[in-house]
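Worth saying up front: this structure is predicted, and the values here are computed from it rather than measured.
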Amino acid sequence: IYQAFLNTITNLDLPLERLSGLTRDGAPSMIGNKSGFVSLVLAKQKEIKSPISAYTFHCIIHQQALCSKIANLDHVMKVVVKTVNYVKARDRNHHQFCTLMAELEAEYTDVIYHCEVHWLSRGKVLKRLYDLHKEIKLFLIHKNNDVPELSDPEWIMDPEWIMDLAF
């Protein structure tokens with residue numbers, strides 16, 4: 001891994017002395033004190049007298065997963081899942097919704113189902129609903145299915161929800 005890394009940065013003409021961070025998993029080949037990838041890169045930076053030493057991070061994806069578990073978004077996710085299910089679970093509604101999105105030339109033509117098993121899906125579902133909330137609200141009004149939260153600016157701009165869009 002280390003040799004492939006050195007070959008790549010050499011081929012791309014990237015200066016090792018400007019490397020400021022490394023993300024790694026917990027494998028011994030990555031974190032070993034003497035021959036682990038991180039140790040070898042940091043030693044190489046010392047050898048070339050780099051003015052900075054790279055920070056190392058344990059797998060960022062795992063950190064995001066932990067953060068998403070801590071964020072309590074039940075008050076948001078209940079509304080989002082109920083709304084998405086209303087649109088997607090009934091063929092007629094789904095077809096009408098997709099047609100409306102095409103007519104409005106919306107950024108997206110559909111909403112995304114949320115899957116609790118895949119934590120990354122929550123951020124995607126929230127982002128899509130946030131991006132389409134005006135169009136979804138219009139559709140729901142047409143269907144006489146009012147979701148008051150979509151008209152509530154405080155709910156739409158809930159800081160916890162907005163932060164989770166990054167996940």
Yes or no on side chain to side chain contact (heavy atoms under 4.5 Å, CB included) for L16 and S50, after CA distance, side-chain angles and deciding distance?
CA-CA 8 Å; L16 184 59; S50 173; over 6 Å; no
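- Residues L104 and I141 do not share a hydrophobic cluster, clusters being chains of Ile/Leu/Val/Met/Phe/Trp/Tyr side chains in contact below 4.5 Å.
- Applying the 6.0 Å contact sphere to CZ of R90 captures more than 12 heavy atoms from other residues, nucleotides or ligands.
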Test log, rule side chain to side chain contact (heavy atoms under 4.5 Å, CB included), inputs D91 and H95:
CA-CA 6 Å; D91 285 339; H95 177 71; over 6 Å; no
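- We find the CG-CE distance between L138 and M101 to be 7.0 Å, quoted to the nearest 0.5 Å.
- Annotation: the span from Y86 atom OH to F139 atom CZ amounts to 6.0 Å, rounded to 0.5 Å.
- C98 SG to N93 CG: the interatomic distance, rounded to the nearest 0.5 Å, is 10.5 Å.
- With rounding to the nearest 0.5 angstrom, the CG atom of L150 is 11.0 Å from the CD atom of E135.
- A side-chain donor-acceptor contact under 3.5 Å links T83 to the backbone of V79.
- Note that the CD1 atom of I156 and the CD atom of E149 stand 9.0 Å from one another [nearest 0.5 Å].
- A distance of 9.0 Å separates OG1 in T109 from CG in L132, rounded to the nearest 0.5 Å.
- Under the 4.5 Å side-chain heavy-atom criterion for grouping Ile, Leu, Val, Met, Phe, Trp and Tyr, L100 is connected to Y108 within one hydrophobic cluster.
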From CA spacing to verdict: side chain to side chain contact (heavy atoms under 4.5 Å, CB included), Q96, V87:
CA-CA 9 Å; Q96 289 173 342; V87 171; over 6 Å; no
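- Heavy atoms only, all atoms of each residue included: I52 and L19 are closest at CD1-O, 3.5 Å.
- Heavy atoms only, all atoms of each residue included: A54 and Q45 are closest at N-OE1, 2.9 Å.
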Under the salt bridge (Lys or Arg N to Asp or Glu O under 4.0 Å) rule, what do R128 and D110 come out as? Steps first, then yes or no, please.
CA-CA 9 Å; R128 181 70 56 94; D110 206 353; over 6 Å; no
Evaluate side chain to side chain contact (heavy atoms under 4.5 Å, CB included) for K88 paired with F97, printing each intermediate quantity in order.
CA-CA 9 Å; K88 296 222 24 134; F97 179 78; over 6 Å; no
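- Nearest approach of W155 to L129, heavy atoms of both residues: CH2-CD2, 4.5 Å.
- For the side-chain hydrogen bond (donor to acceptor under 3.5 Å, both in side chains) criterion with D131, the lone passing option out of K127, K134, H133 is K127.
- At a threshold of 4.5 Å between non-hydrogen side-chain atoms, the residues L126 and M77 count as touching.
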Residues 3-11 side chain polar contacts: donor-acceptor under 3.5 Å, at least two apart:
unit_1, atom_1, unit_2, atom_2, d
Q3, NE2, N7, OD1, 3.3
N7, ND2, Q3, O, 3.4
T8, OG1, A4, O, 2.8
T10, OG1, L6, O, 2.7
N11, ND2, N7, O, 3.3

